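Written below as structure tokens is the structure these notes are about.
Numbers here simply count residues along the sequence, with the first being 1. Here the structure is a predicted model, which means the values were calculated and not measured. Basis for what follows: all heavy atoms, side chains included, without hydrogens, waters or symmetry-related copies.
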Amino acid sequence: MSTEIIRVPDIGGATDVDVIEISVKVGDIIEVDQSIIVLETDKASMDVPSPLAGKVTAISVKEGDTVSEGSEVLTLEVEGAGASEEPAKEAEPEAPKQEAAPVAEKPAAQPAASAEQTVSVPDIGGATGVDVIEVCVAEGDEVSEGDSIIVLETDKASMDIPSPFSGKISKLLIKEGDTVSEGDDILVIMAEGEAPAEAAPAPEAAPAPAKEEAAPAPAAAPVAGGVESVNVPDIGGATDVDVIEVSVAVGDKVEEGDSIIVLETDKASMDIPAPKSGTVKSLSIKEGDKVSEGTLILELEVEGSAPAAAPQQEAPKAAAPAPAKQEAPKAAAPAVDQGAVLSSPSKKVHAGPAVRLLARELGVDLTLVRATGPRGRITKEDLHAYVKAAVQKASSAPAAGAPVAEGAGIPRVPEIDFSQFGEVEVVKMSKIQKITSFNMTRSWLNVPHVTQFDKADITDLEDFRKSLKPEMEKQGVKLTPLPFMIKAVAQALVKNPAFNVSLHADGESVVQKKYVHIGIAVDSPVGLVVPVLRDADKKSVVEIATEAGELIKKALAKQLKPADMQGGCFTISSLGAMGGTGFTPIVNTPEVGILGVSKADVEPRWNGKEFEPRTMLPLCLSYDHRAVNGADAGRFMTYLNALLSDVRRLTL
């Protein structure tokens with residue numbers, strides 16, 4: 001056995017080509033010329049065939065990656081030079097031309113002359129109900145083996161179905177617009193007889209060098225025992241998580257527990273540790289990739305195992321012919337005029353997945369775009385021409401005199417060159433910061449906010465908390481005012497269920513929640529995150545203190561999982577340690593309420609006879625006025641104050 005690295009062959013000079021489909025998986029046994037990946041450029045999609053037969057041991061790309069000629073695709077375990085190759089080598093000095101005889105035996109196994117054969121849909125990756133967007137042949141047509149007979153299109157890619165042998169089309173069983181699945185009949189073909197076998201000597205030179213190039217490999221590729229694959233562990237069910245940092249390189253030595261990559265979801269970033277000590281042999285991901293649980297990260301030669309001596313081997317370039325049929329003629333960009341826009345919607349739209357994605361992003365109706373690409377397909381240039389024509393038409397309309405507005409009538413903030421005033425530095429926001437910015441803007445624009453202010457007398461609560469503090473510290477529990485706050489809010493939500501709802505997407509209903517999960521806003525190193533403490537109404541203050549402390553530690557260590565930040569009913573945002581007398585928190589939609597807590601202070605309060613010092617805690621309650629009215633908020637705040645002012649009520 002030998003190991004071969006299969007790379008992207010000549011693809012006509014195209015670079016950064018999208019990988020839209022992986023046709024194999026680790027462990028698959030594949031044949032020569034079997035499709036391993038499907039690439040898509042702006043103009044065409046193409047299958048990349050395997051130049052060798054063997055077993056897939058590692059895949060270096062995934063759907064959504066971009067590759068260029070020479071990029072590593074996968075690692076293949078190829079059978080070494082066996083008995084089948086010996087006769088070829090022995091016959092080589094005597095009569096090289098006679099090598100055509102054994103090669104010709106395979107085509108000879110094709111259907112006999114004048115035999116009618118039914119051609120069915122081959123393996124299409126398990127897709128069902130796939131659209132037939134083009135029938136490339138008609139009854140009576142002569143086709144050669146490999147000629148395209150139909151074109152299918154899924155929501156991710158379009159693919160040509162080739163004829164498995166040469167012959168004459170005697171009957172078509174499908175038409176454009178039909179949907180098919182693997183195994184469905186396409187057409188009936190009158191197969192040719194021995195003609196394919198006679199053509200075998202011509203490509204004699206192509207298969208022979210492929211095997212001979214692979215022959216020396218087994219002697220130079222010892223198996224490396226102890227090399228283990230490291231995959232993405234359980235990350236709480238999150239998928240397509242961004243890789244924001246790769247902390248190791250090939251050849252690095254890592255210790256068990258060392259960070260190897262850093263992932264970032266919409267809510268948190270997390271380090272993925274090495275499960276064992278060893279040396280990094282290969283990396284399968286890079287910064288910017290997206291991964292899910294089980295995705296291969298790297299291969300690790302575990303310490304104490306036999307060193308891997310497998311040499312780097314170049315993929316045999318001669319064995320990977322460029323798929324000439326995939327090249328599409330480059331269409332000239334259409335002129336920017338109203339000719340790019342159809343006067344009436346087209347009944348048929350032929351466009352690849354990349355073009356359809358761009359159309360969705362631009363909000364373009366493809367039925368109105370004039371197609372100039374091959375076979376009447378819409379290209380990206382056609383989309384750009386359509387958009388330019390629309391812009392020209394809009395700019396030629398008389399100005400309304402009002403400033404240009406975006407979205408909900410909000411004027412765009414002008415771009416300013418701040419460097420004209422002094423030295424500046426542009427720092428990229430983290431993904432969490434960008435998501436927080438977007439969510440806050442969305443909430444502010446969509447939620448009619450109302451904020452009510454009050455002060456709770458927590459003098460007795462603080463005396464009680466401080467008296468228990470030494471005892472709790474012996475148990476490893478940090479008893480701050482926050483657990484009391486969470487417990488009080490949980491009971492207030494049970495007492496006032498109007499705050500424990502979310503507006504339904506239909507705009508006509510509310511979702512009444514029967515559980516009480518409280519979100520805790522935490523200022524983490526990567527931005528604002530809100531871990532959720534579940535079933536707070538069913539837990540004691542000590543249990544809440546323990547769980548809240550663990551969640552906050554995970555947030556500060558960037559170890560929160562997406563599941564830790566989902567399902568909240570109400571959020572508490574405490575700025576007590578930072579000072580301030582009040583603020584207006586923004587509702588964390590789809591929740592309808594949030595409590596802002598500021599710094600407690602000692603104030604003189606009149607008890608009916610005299611002023612006495614009392615510890616007062618400023619509270620700010622913001623709520624969504626679509627779901628909660630002022631009376632509900634007043635009752636909620638009054639009940640919450642009563643709980644915080646008399647700690648005994650928390651036990652009721």
Do [X] and [Y] have side-chain heavy atoms sitting under 4.5 Å apart?
X      : Y      : result
Leu152 : Ile133 : no
His504 : Val510 : no
Val529 : Ile432 : yes
Lys513 : Val501 : no
Leu368 : Pro345 : yes
Asp632 : Asn496 : no
Thr367 : Leu342 : no
Thr571 : Leu595 : no

Would you give the length of the straight line joining atom [atom1] of [X] to atom [atom2] of [Y], rounded to the nearest 0.5 angstrom?
X      : Y      : atom1 : atom2 : answer
Ser259 : Lys558 : OG    : NZ    : 8.0 Å
Leu640 : Leu644 : CG    : CG    : 4.5 Å
Leu383 : Thr379 : CG    : OG1   : 7.0 Å
Ile261 : Lys286 : CD1   : NZ    : 13.0 Å
Asn231 : Ser292 : CG    : OG    : 12.0 Å
Met485 : Ile544 : CE    : CD1   : 12.0 Å

Name the atoms and distances for all side-chain donor-acceptor pairs under 3.5 Å in residues 240-250, with sequence neighbours left out.
residue, atom, partner, partner atom, Å
Asp242, OD1, Lys290, NZ, 2.6
Asp242, OD2, Lys431, NZ, 2.5

Between [X] and [Y], do the side chains contain an N or O donor and an N or O acceptor separated by less than 3.5 Å?
X      : Y      : answer
Ser509 : Asp506 : yes
Asp454 : Asn641 : yes
Ser443 : Thr589 : yes
Glu591 : Ser502 : no

Are the side chain of [X] and the backbone of [Y] linked by a donor-acceptor contact shorter than 3.5 Å?
X      : Y      : answer
Asp382 : Thr372 : yes
Ser68  : Thr15  : no
Asp564 : Lys561 : yes
Asp289 : Ile285 : no
His384 : Val387 : no
Gln512 : Pro497 : yes
Thr638 : Arg635 : no
Asp65  : Lys62  : yes

Can you name the residues that form a salt bridge (Lys or Arg N to Asp or Glu O under 4.0 Å) with Lys553, not counting sequence neighbours?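 Not a single residue meets the salt bridge (Lys or Arg N to Asp or Glu O under 4.0 Å) criterion with Lys553.
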Partner residues of Asn500 under the side chain to side chain donor-acceptor pair (under 3.5 Å) criterion, sequence neighbours left out: none
Go through the structure and list residues passing side chain to side chain donor-acceptor pair (under 3.5 Å) with Tyr623, not counting sequence neighbours. Gln452
Checking Arg534 against Glu547 for the salt bridge (charged side-chain N to carboxylate O under 4.0 Å, His left out) test, could you report, in this order, the C-alpha distance in whole Å, the side-chain angles of both residues, the deciding distance, and whether it holds? CA-CA 9 Å; Arg534 302 184 180 280; Glu547 290 190 25; over 6 Å; no
Checking Thr451, Asn588, Thr584 against Ser622 for side chain to side chain donor-acceptor pair (under 3.5 Å), the one that qualifies is Thr451
Could you give the side-chain donor-acceptor pairs of residues 516-524 under 3.5 Å, partners two or more places apart or in another chain?
residue, atom, partner, partner atom, Å
His517, ND1, Asp535, N, 3.0
Ser524, OG, Val526, N, 3.3
Ser524, OG, Gly527, N, 3.4
Ser524, OG, Gly527, O, 2.6

One thing to verify: whether Glu603 and Lys455 come together as a salt bridge, which I'm taking to mean a side-chain N less than 4.0 angstrom from a carboxylate O. yes
Scan the side chains in residues 419-428 for donor-acceptor partners under 3.5 Å anywhere in the protein, sequence neighbours excluded, and list what turns up.
residue, atom, partner, partner atom, Å
Ser419, OG, Asp417, OD1, 2.5
Ser419, OG, Asp417, OD2, 3.3
Gln420, NE2, Asp417, O, 3.0

Kindly say whether the aromatic ring centers of Phe583 and Phe453 come within a distance under 6.0 Å.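 Centroid distance Phe583-Phe453: not below 6.0 Å, so no.
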